[in-house]
Q: 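This is the structure I want to talk about, given as structure tokens.
Keep in mind that what you see is a predicted model, and the values were worked out from it rather than measured.
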Amino acid sequence: MTDRTITTVNPATETELARYERMNDDQMFEALKACHDAFDEWRLTPATRRAEIIARIGQQLSSRKEELAQLMTDEVGKLIGDSRDEVDLCAAICEWTAKQGPEVLADEHRSLQDGRQGIITYSPVGVIYGIQPWNFPAYQAVRYSIANLMAGNGVLLKHAANCTGSGLLLREIYESAGLPKNLFTVMTIDHDQSDKLIAHELVRGVTMTGSASGGSIIAKTAGEHLKKTVLELGSNDAYLVLEDADLDLAVKTCVAGRIYNNGETCVNAKRFIVTDAVYDAFVERYVDAMSKVVAGNPNDEETGLGPMARGDLRDTLHQQVRDSVDKGARIACGGSLPGGQGYYYPATVLTDVKPGQPAYDEELFGPVASVIRAEDDEDAMRIANDSRFGLGGGIFSKDEARATELARTHFDTGMVFINHFNLATPEMPFGGVKDSGYGREHGGFGMREFVNAKAIAIAA
């Protein structure tokens, strides 16, 4: 019999935090219907009014930052500083969306060749179902929900079980800011129920963030019912250290880019492709810096690395490291399972990384860096694109114009960061290509993913 209880656990202490009851099917469909009813009114609300409420959501997120940040740290082991940064990003998304949303969604007027007048209006389509992971409990939910609420849609959230509390707190924050009840609904359901929800006629679109394998399943299920999907999936983002790179900047940034959020981020820096001319110097400095990363209590401001979110995730990561070593990779630092309490894994660097190893071919979702030697800058670009993934990437070079041209013309990813590491910016599109998914969020693009671009033509 399926367990109908969700239990959350603190990954730093392995102690139980809370228990939540899953919905049964009747409750699930009642919640969907209530969300659709709320949408039916919300879609008629002027965009300027929606923007006012979204602005207040951002203000409420800021005012309750410590509460939400602490809960996220307790549920998934994020460093408390990273949790606070995440809430700040969520508030910034709300602020930008509130300011720009009415203009992004405004009608467009066109004069047609035959003398008629045309209007393009971006109409909301209904209830959008979001399936979200645990690594950014607030941001993942805010990213798609705020865009769709601004567009006039209703929103359902199926959050990862281990951050159920964060999802429920977000709902409370949204409603405290004046969002109509049921318009943002948290669905405490299992995977089998999720498939039934996707199939329901009142669900008009599905967005999912997670693994490539999980995204393939969701896309297939949605496709069977002719539902549009937006997928933001995994990646093994490559950061190129070219021959003219500032090595001090590259080393410092590549450490931060690998261990940020305990290394559990789709768009983390993961593969470090270093040209032969600077390879030895970079590796020496990089290994030294990664060796000095201090793991410990995520609530301690001095801690550099917290625990992984779950024990099974740590086990999977360690097996990928062992499999890579068995196939020729070398552990330059870390790579051993620590004893004691909590799901900790040390900052780890693998060298001699080659095709056929998990460290080269797969996503290592944790604080493990893969360093790959390239013959020259051209070879580095080739290796970067030698991946089934394409979410983000980076280039370190003192020649910004050349790096920009490589990013524009040759880097086969959705995002490229030059001489820095970044996650997401409200003003810029976020998303990937290849097995990293499709569709875009942020920068106004997310507000138009699930709308009806309706053409209205008026006779001359």
Side-chain angles (χ1 to χ4, degrees), residues 6 8 18 20-23 27-72 75 83 86-99 101-102 124 126-132 136-161 163-189 197 202-204 207 446-447 450:
I6 297 171
T8 55
Y20 306 90
E21 289 299 316
R22 294 189 193 272
M23 295 173 169
Q27 292 169 324
M28 175 179 71
F29 290 128
E30 287 170 5
L32 169 59
K33 179 62 165 57
C35 185
H36 183 269
D37 289 345
F39 153 74
D40 239 355
E41 295 187 22
W42 180 248
R43 67 184 181 86
L44 301 176
T45 302
T48 52
R49 173 59 180 158
R50 294 180 213 149
E52 291 172 1
I53 293 175
I54 286 169
R56 288 205 299 268
I57 291 174
Q59 294 162 6
Q60 282 293 306
L61 284 165
S62 294
S63 68
R64 299 180 70 173
K65 177 166 70 173
E66 290 303 316
E67 178 186 5
L68 180 55
Q70 188 62 62
L71 179 56
M72 291 192 293
E75 287 190 322
S83 291
E86 181 175 341
V87 180
D88 287 341
L89 174 58
C90 292
I93 290 168
C94 293
E95 180 182 7
W96 190 88
T97 303
K99 288 180 179 178
V127 175
I128 307 304
Y129 176 38
I131 303 167
Q132 300 301 321
F136 287 88
Y139 167 68
Q140 295 289 173
V142 166
R143 186 172 71 195
Y144 85 96
S145 66
I146 290 299
N148 278 290
L149 291 169
M150 184 65 239
N153 293 320
V155 174
L156 303 178
L157 168 64
K158 179 188 182 299
H159 223 329
C163 58
T164 298
S166 294
L168 292 170
L169 181 54
L170 279 177
R171 182 188 66 188
E172 180 185 324
I173 290 171
Y174 280 28
E175 292 183 359
S176 71
L179 190 74
K181 188 174 177 59
N182 300 319
L183 197 60
F184 176 78
T185 298
V186 179
M187 310 297 284
T188 51
I189 57 177
L197 195 61
L202 292 182
V203 170
R204 295 293 299 274
T207 181
M447 285 183 257
F450 293 103

Q: For residues F39 and G152, report the shortest heavy-atom separation together with the two atoms involved.
A: CD1-O, 3.2 Å
Q: Sequence neighbours left out, what passes side-chain hydrogen bond (donor to acceptor under 3.5 Å, both in side chains) with E30? Give chain and number order.
A: none
Q: Any idea which heavy atoms bring I53 and L179 closest together, and the distance?
A: CG2-N, 3.7 Å
Q: Looking at side-chain heavy atoms only, is the closest gap between Q132 and L157 below 4.5 Å?
A: yes
Q: What closest approach, in Å, do F136 and E86 show between heavy atoms, and which atom pair accounts for it?
A: C-OE2, 3.0 Å
Q: State the SG-CG distance between C163 and L169, to the nearest 0.5 angstrom.
A: 11.5 Å
Q: Could you tell me whether a side-chain N or O of E95 sits under 3.5 Å from a main-chain N or O of G58, the two making a donor and an acceptor?
A: no
Q: Applying side-chain contact (heavy atoms from CB on, under 4.5 Å) to T8 and Y20, what does each step give before you reach the verdict?
A: CA-CA 8 Å; T8 55; Y20 306 90; 3.9 Å; yes
Q: Take W42 and T45 through the side-chain contact (heavy atoms from CB on, under 4.5 Å) test and state the conclusion after the steps.
A: CA-CA 5 Å; W42 180 248; T45 302; 4.0 Å; yes
Q: Would you name the heavy atoms of A177 and Q60 that are closest together and state the gap between them?
A: CB-CG, 3.8 Å
Q: May I have all residue pairs that pass ring pair (Phe, Tyr, Trp, His ring centres under 6.0 Å) and include part of residues 44-72, sequence neighbours excluded?
A: none
Q: Measuring from atom CD1 of I93 to atom CZ of R143, what distance do you get when rounded to the nearest 0.5 angstrom?
A: 8.0 Å
Q: Not counting sequence neighbours, which residues clear side-chain hydrogen bond (donor to acceptor under 3.5 Å, both in side chains) with Q70? List them please.
A: D74, N299
Q: What's the separation between atom CG in L61 and atom CG in D88, rounded to the nearest 0.5 Å?
A: 10.0 Å
Q: Apply side-chain hydrogen bond (donor to acceptor under 3.5 Å, both in side chains) to Y144 and list each qualifying residue two or more places apart in sequence or on a separate chain.
A: none
Q: Could you tell me whether a side-chain N or O of R50 sits under 3.5 Å from a main-chain N or O of M150, the two making a donor and an acceptor?
A: yes
Q: Check this for me: does any side-chain nitrogen of one of R56 and E52 sit under 4.0 Å from a carboxylate oxygen of the other?
A: no
Q: Taking H159 for its side chain and S166 for its backbone only, find out whether a donor-acceptor pair lies under 3.5 Å.
A: no
Q: Side chains of residues 180-189: which donor-acceptor partners sit under 3.5 Å, not counting sequence neighbours?
A:
residue	atom	partner	partner atom	Å
T185	OG1	N182	O	2.7
T188	OG1	E21	O	3.4

Q: Tell me every residue that passes side-chain hydrogen bond (donor to acceptor under 3.5 Å, both in side chains) with R64, counting only those two or more places apart in sequence or in another chain.
A: E67, E172
Q: For Y174 and S145, test the side chains for any donor-to-acceptor distance below 3.5 angstrom and give the result as yes or no.
A: yes
Q: If you look at every heavy atom in M23 and Q27, which pair is closest and at what distance?
A: CA-OE1, 3.3 Å
Q: First locate atom OG of S62, then atom CD1 of I57, and finally report the distance between them rounded to the nearest 0.5 Å.
A: 12.0 Å
Q: Taking side chain as C-beta onward, heavy atoms only, is V155 less than 4.5 Å from V127?
A: no
Q: What heavy-atom pair brings I128 and R204 nearest, and what distance separates the two atoms?
A: CD1-C, 4.4 Å
Q: How about E41: does its CD atom have over 12 heavy atoms from other parts shown lying under 6.0 Å from it?
A: no
